[in-house]
Structure formats: structure tokens, C-alpha cells
Amino acid sequence: MAAIWRAKVPPNSANLEEARKRVFDFFKLACRALPTVMDIYNLDDVATISQLRSTIASQIRKNSHVKDPKVIDMLIFKGMEELENIVEHSKQRHHMIGQYVVGHHGLVQELGTKEQGFSPFLKNFYKSNYF
């Protein structure tokens, strides 16, 4: 399976349309790898394939403002490296959960009503220890 992911780096895209096609091809490749990723990291209890697919789509949409084909090719290359690392099991389960299930914002905590009974010391302690 690892031989599939070690594809030769293609030449740069000639125009924006070719780069756009490569983005869609990368998205399809990543979505096809999701069942394997779910099995490797045993993510069935914390996420579904559709949740991971929407996470991949949101990561791609974050860079939708980029219009330079060379930059798009570089982003696709970085995405392919990340996918290769994931499929080759170079990451651990908690890395996958932290990056792709929970996200970079962490667990969202509602602090509005719970904060009333805390002392100023505890408020500062909690602020400094929750990233």
C-alpha cells in the first residue's frame, strides 16, 4: 500500500485550471484513503468518515484564496506528504484525534456560567494551562 502513496512529484501546473484539477484529484485520493486511515488509527469510536472528509474539505477551503499555480502545487505537495505520513502510520492516534477530529481550536468549553464560583487565582491558573 505504501508504494501507491510514493508517487513521483509531477511538474508544476501550467495554469490555474490544471492546478485546480490537481486539487480535486488530491481530495479524491485523500477521501479514498479514509477507510484505511480509520482502520489504522482505530478512529471509529471518535469520528466518522464523513466527519474526516469534511475536515479535509475545510483544510482545502482554507487556501481557496490562493491563485498562483506554483503555490497551489506546493500546498498539494505538502498535503501529499501529510497523507503519506498518515498512511504509513508515522503519526500516533492522539495526533490524528487532535489535528483532524478535535481540530486546532481544541475542545470548546462553555465558561460563561461555570466561572462564577472560581477565585481569581483559579481563573488565572485555568487561563494559563488551557492553550
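Counting from 1, the numbers follow the sequence of the chain as shown.
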Q. Are Lys21 and Glu17 within salt-bridge range, i.e. N to O under 4.0 Å?
A. no
Q: Kindly give the heavy-atom pair with the smallest separation between Ser13 and Pro69, and that separation in Å.
A: O-CB, 4.1 Å
Q) Out of curiosity, Gln99 CD to His95 NE2, how far, rounded to the nearest 0.5 Å? A) 7.5 Å
(Q) Nearest 0.5 angstrom please: Met38 CE to Leu34 CG, how far? (A) 8.0 Å
Q) Any sub-3.5 Å donor-acceptor pair from Thr55's side-chain atoms to Tyr100's backbone N or O? A) yes
Q: Supply the atom-to-atom distance Ile76 CD1 to Lys78 NZ, rounded to the nearest 0.5 angstrom.
A: 12.5 Å
**Q.** Backbone of Asn12 reached by a side-chain donor or acceptor of Asp73 within 3.5 Å
**A.** no
Q: Taking all non-hydrogen atoms of both residues into account, name the closest pair between Glu18 and Ala14 and its distance.
A: OE1-N, 3.1 Å
(Q) Whether the side chain of Arg93 engages the backbone of Asn42 through a donor-acceptor N/O pair (distance < 3.5 Å, no angle test) should be reported. (A) yes
Q: May I ask you to check whether over 12 heavy atoms, not counting those of Arg20, lie within 6.0 Å of atom CZ?
A: no
Q. Distance from Lys91 atom NZ to Tyr41 atom OH, nearest 0.5 Å?
A. 7.5 Å
Q. Is the backbone of Val66 close enough, under 3.5 Å, to the side chain of Asn63 for a donor and an acceptor to pair up by distance?
A. no
Q. When you look at Val101 and Gln51, which way does the side-chain contact (heavy atoms from CB on, under 4.5 Å) test go after all the steps?
A. CA-CA 8 Å; Val101 177; Gln51 287 173 329; 5.7 Å; no
Q. CD/Glu81 to OG/Ser90 distance, rounded to the nearest 0.5 angstrom?
A. 11.0 Å
Q) At what distance, to the nearest 0.5 angstrom, does CG of Asn85 lie from CE of Met80? A) 11.5 Å
Q | Nearest heavy atoms of Ala30 and Leu83, plus distance in Å | A | CA-CD2, 4.0 Å
Q.
When you compare the side chain of Val37 with that of Ile49, does any pair of heavy atoms fall below 4.5 Å?
A. no
